[in-house]
Each structure stands twice: as C-alpha cells, then as structure tokens.
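The analysis underlying the following values was restricted to heavy atoms, covering all of them including side chains, and did not include hydrogens, waters or symmetry mates.
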Amino acid sequence: MEGKRAPQEVSAIMRRVRSRGTAPEVSLRKALRERAVRFRACAENLPGKPDIVIGDRRLAIFIDGDFWHGGQWRRRRLSSLEDQFRETDSRDYWLRKIRRNMERDCRSAAALLEGGWSVLRLWESDVLRDLDGCVAKILKGRAARILSRIPEKSFFAWAGDWSALESHGWTARSSISRVTLAAGPLNGFPPRAMARRPPLLLMETTGRGADFDGLRRLGYVLEELSPGQGRRFVIGSRAPGGARSLPQAPECGRPGAIAWIAENYLNPLVNEMIHGRVLRRYTTVSRVRATG
C-alpha cells in the first residue's frame with residue numbers, strides 16, 4: 001500500500017494538473033462555434049477568470065472539475081465532503097484545498113452578479129455526459145434560475161447565537177428569501193413564510209415532541225441530528241434532487257456541530273446548487289397605482 005505523501009510531493013503533483021484547455025472545455029467551445037455563437041475564452045479580466053464569456057449576453061461560463069470543486073461527494077452518494085476523504089492519508093490537505101476552491105467559486109459568482117453579469121457554472125462530468133443539454137442551457141437560458149444570494153451563502157437567524165455559521169463564510173440577513181438558510185428554534189417558526197418562499201433550513205428543536213408535520217406538508221425533507229449535550233438539530237431542503245442524507249457530526253456540542261455541518265454539508269450543498277443553473281441578479285420592481 002502506498003504510504004502517506006508529503007505536502008511538498010502533493011503540491012508538485014497538483015502543479016502538473018491541467019487547468020485550462022481541458023477536454024470538456026474544448027468540446028463545449030467547439031459546439032458553440034458550430035452554432036455560430038460568438039464568445040471569448042479565458043477572460044482574465046473578470047472575477048474568477050471564466051472559461052467562456054458571451055459578451056453580448058453578459059454571460060460568464062465556468063466548467064469546473066467535479067473533484068477540484070467539491071462535486072464528487074453527492075455523485076458518489078456520500079453524506080458529506082469529509083466522507084469523500086475519510087480513508088485518505090492526506091485528507092486534511094484535500095479538504096482545505098477543495099473548501100478554498102468552493103469559497104472562491106461563491107465569491108467570484110457573487111462579484112460577477114454584482115457587476116451585472118449572469119453566471120453559469122457547469123460540472124465537467126455534465127459537459128461530457130450531456131453536451132447538447134449544456135449548450136441548450138447557454139443558448140436558451142432555460143435552466144432553473146435562483147437568486148444571487150446563493151453565492152453569498154446567506155442565512156436568516158430566527159433566534160439564538162449562530163456565529164458558527166458566520167465563521168464559515170455565511171452572512172446573516174434580515175429577511176427570508178427563496179435561497180436563504182433559515183436558522184432558529186423549531187417551535188414558533190412561522191410556517192406561512194416558509195410556504196411563500198421556502199428556504200434551506202438548519203434549525204434547533206426546543207423541547208420534546210416538536211411538530212415536524214407542518215414543515216413536511218410544505219415539502220421539506222427533515223432529518224434529525226443529536227450532536228451531543230442533549231441538543232437536537234433538523235436540516236431540511238427544498239433544493240432540487242430529492243432527499244439529502246444528513247451527515248453525522250462529531251459529538252462536540254452545539255457550536256462545534258454547527259461548524260462541522262457548515263463545512264462538510266451546507267457549504268458543499270450550496271456549491272452544488274450554483275452549478276447547472278443560470279444565476280441572475282434579481283431586481284425588485286415596485287408597481288405604483290395611479291390615482292384619479
């Protein structure tokens with residue numbers, strides 16, 4: 001069995017990995033040229049250096065490797081990013097690197113949206129598996145649209161101290177939106193607000209016999225987690241793709257469990273959600289009724 005690699009050896013291997021002109025990039029560019037789409041490749045002057053830019057539509061396109069950008073854990077039916085490297089000697093190295101890549105992806109997408117660009121991030125495996133489908137998303141813009149807040153990883157804290165989320169790249173918001181992660185005690189949470197704009201959920205139960213039926217009727221998939229010290233947490237998701245397997249956090253108490261969930265489950269889940277969809281910045285238009 002191969003021994004543990006030194007960090008210097010791993011870094012040397014990483015430097016030899018090709019980051020531009022990969023087979024999926026070449027295939028997608030060729031398909032766009034065949035359809036007479038005018039584009040620019042490797043835009044160095046834009047946040048994140050998009051692989052393809054369609055200037056007249058202000059659309060920035062990224063083709064991300066599943067491994068390097070945190071997309072393999074779900075495809076391999078694992079419960080969290082950490083599970084992907086549980087048997088790997090250099091697991092800490094890979095977790096740090098992939099987490100940095102995911103954070104950079106969110107930051108660059110948010111910066112592009114703020115600058116008036118639309119963003120489409122595609123997995124390399126999707127381009128190889130369904131090239132025509134990926135081209136259709138680019139040409140027709142029929143991919144599901146989501147709010148620009150997803151790349152910012154925002155959350156709505158209903159009550160309590162959720163600083164563990166903030167320490168892992170999340171930003172507190174003052175109102176609930178479709179993609180906001182809602183954090184708070186389950187009892188007393190307003191279900192009608194969830195029905196109108198259902199967010200992701202990370203919530204702590206308060207007391208025994210909490211009623212999950214109301215949230216389940218709204219379409220949430222709920223699973224419980226007991227991270228120690230008698231605490232119970234619930235994660236729910238209205239994201240496409242069906243039920244999500246809840247990872248098993250270590251027995252480290254409430255702050256540590258939330259931090260673990262943020263790093264190994266929520267951040268990779270948001271990263272997954274920003275791929276395969278056209279991200280556009282939404283604006284609110286107020287209608288003023290004329291009075292006679």
Side-chain angles (χ1 to χ4, degrees), residues 13-76 97-152 179 239-241 268-283:
I13 295 173
M14 289 287 298
R15 286 193 293 270
R16 293 196 293 269
V17 175
R18 190 173 187 178
S19 61
R20 294 291 183 183
T22 62
E25 290 179 33
V26 172
S27 298
L28 186 57
R29 290 170 186 161
K30 179 180 178 182
L32 291 175
R33 290 192 189 97
E34 291 173 350
R35 291 161 175 79
V37 177
R38 299 182 63 181
F39 63 86
R40 180 161 53 103
C42 302
E44 301 280 343
N45 62 321
L46 290 177
K49 301 178 182 178
D51 298 301
I52 297 173
V53 169
I54 302 178
D56 58 352
R57 294 181 55 189
R58 291 189 67 79
L59 176 62
I61 304 166
F62 296 84
I63 302 99
D64 295 330
D66 296 62
F67 178 85
W68 307 109
H69 294 261
Q72 279 192 351
W73 71 285
R74 283 281 292 157
R75 295 180 185 277
R76 293 170 58 183
K97 179 160 188 66
I98 291 175
R99 284 169 182 159
R100 285 198 300 267
N101 289 343
M102 292 192 300
E103 291 171 5
R104 188 162 50 245
D105 293 345
C106 286
R107 286 197 303 269
S108 62
L112 286 163
L113 291 165
E114 187 66 26
W117 289 82
S118 295
V119 180
L120 175 59
R121 304 198 78 102
L122 299 169
W123 292 118
E124 283 189 348
S125 60
D126 288 338
V127 176
L128 294 173
R129 176 182 56 84
D130 184 15
L131 179 60
D132 291 338
C134 292
V135 171
K137 289 180 181 180
I138 296 171
L139 297 180
K140 299 178 182 179
R142 289 182 179 175
R145 297 198 301 176
I146 51 181
L147 297 178
S148 61
R149 285 179 180 173
I150 270 191
E152 297 172 0
V179 297
L269 178 59
V270 169
N271 185 62
E272 177 189 341
M273 290 176 68
I274 71 172
H275 283 79
R277 297 169 177 84
V278 177
L279 309 182
R280 294 189 177 95
R281 183 177 177 83
Y282 276 52
T283 56

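- With rounding to the nearest 0.5 angstrom, the CG atom of N271 is 7.5 Å from the CG atom of D64.
- Between D105 and R121, the shortest heavy-atom contact is OD1-NH2, 3.0 Å.
- Of the charged side-chain nitrogens involved, at least one lies within less than 4.0 Å of a carboxylate oxygen, so that D132 and R35 count as a salt-bridged pair.
- When every heavy atom of P151 is checked against every heavy atom of C106, the shortest pair comes out as O-CB, 3.0 Å.
- For the pair R33/F39, a side-chain contact is recorded, criterion being any heavy-atom separation below 4.5 Å from C-beta on.
- Note that CD1 of I61 is 11.5 Å distant from CD of E25, once rounded to the nearest 0.5 Å.
- Using a 4.5 Å heavy-atom threshold, the side chains of R107 and P47 count as separate.
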- Item | Intermediate values then yes/no, side-chain contact (heavy atoms from CB on, under 4.5 Å), Q72 and I98 | CA-CA 11 Å; Q72 279 192 351; I98 291 175; over 6 Å; no
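- The two residues W123 and E272 make their nearest non-hydrogen contact at CZ2-CA, 4.4 Å.
- Summarising the geometry of D126 relative to C134, their closest heavy-atom pair is O-SG, 3.7 Å, with the distance given to 0.1 Å.
- Contact check for I138 versus I54: side-chain heavy atoms found under the 4.5 Å cut-off.
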- Item | salt bridge (charged side-chain N to carboxylate O under 4.0 Å, His left out) evaluation trace for R76 with D66 | CA-CA 11 Å; R76 293 170 58 183; D66 296 62; over 6 Å; no
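- Closest heavy-atom contact between V278 and S118: CG1-CB, 4.4 Å.
- Salt bridge D130/K137: absent, no basic N to carboxylate O contact under 4.0 Å.
- What you find for E152 and A110 is that their closest heavy atoms are CG-CB, 3.9 Å.
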- Message: Evaluate R29 against I52 for side-chain contact (heavy atoms from CB on, under 4.5 Å), listing each step before the verdict.
- Response: CA-CA 8 Å; R29 290 170 186 161; I52 297 173; 3.7 Å; yes
- Test H69 against F62 for side-chain contact (heavy atoms from CB on, under 4.5 Å), laying out the working first. CA-CA 11 Å; H69 294 261; F62 296 84; over 6 Å; no
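- Here I63 contributes atom CD1 and L120 contributes atom CG; the two are 8.5 Å apart, rounded to the nearest 0.5 Å.
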- Query: Going through the checks in order, is the side-chain contact (heavy atoms from CB on, under 4.5 Å) test met by L122 and L28?
  - Reply: CA-CA 11 Å; L122 299 169; L28 186 57; 4.0 Å; yes
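- In this structure, the separation between CZ on R40 and CG on L46 is 6.0 Å, given to the nearest 0.5 Å.
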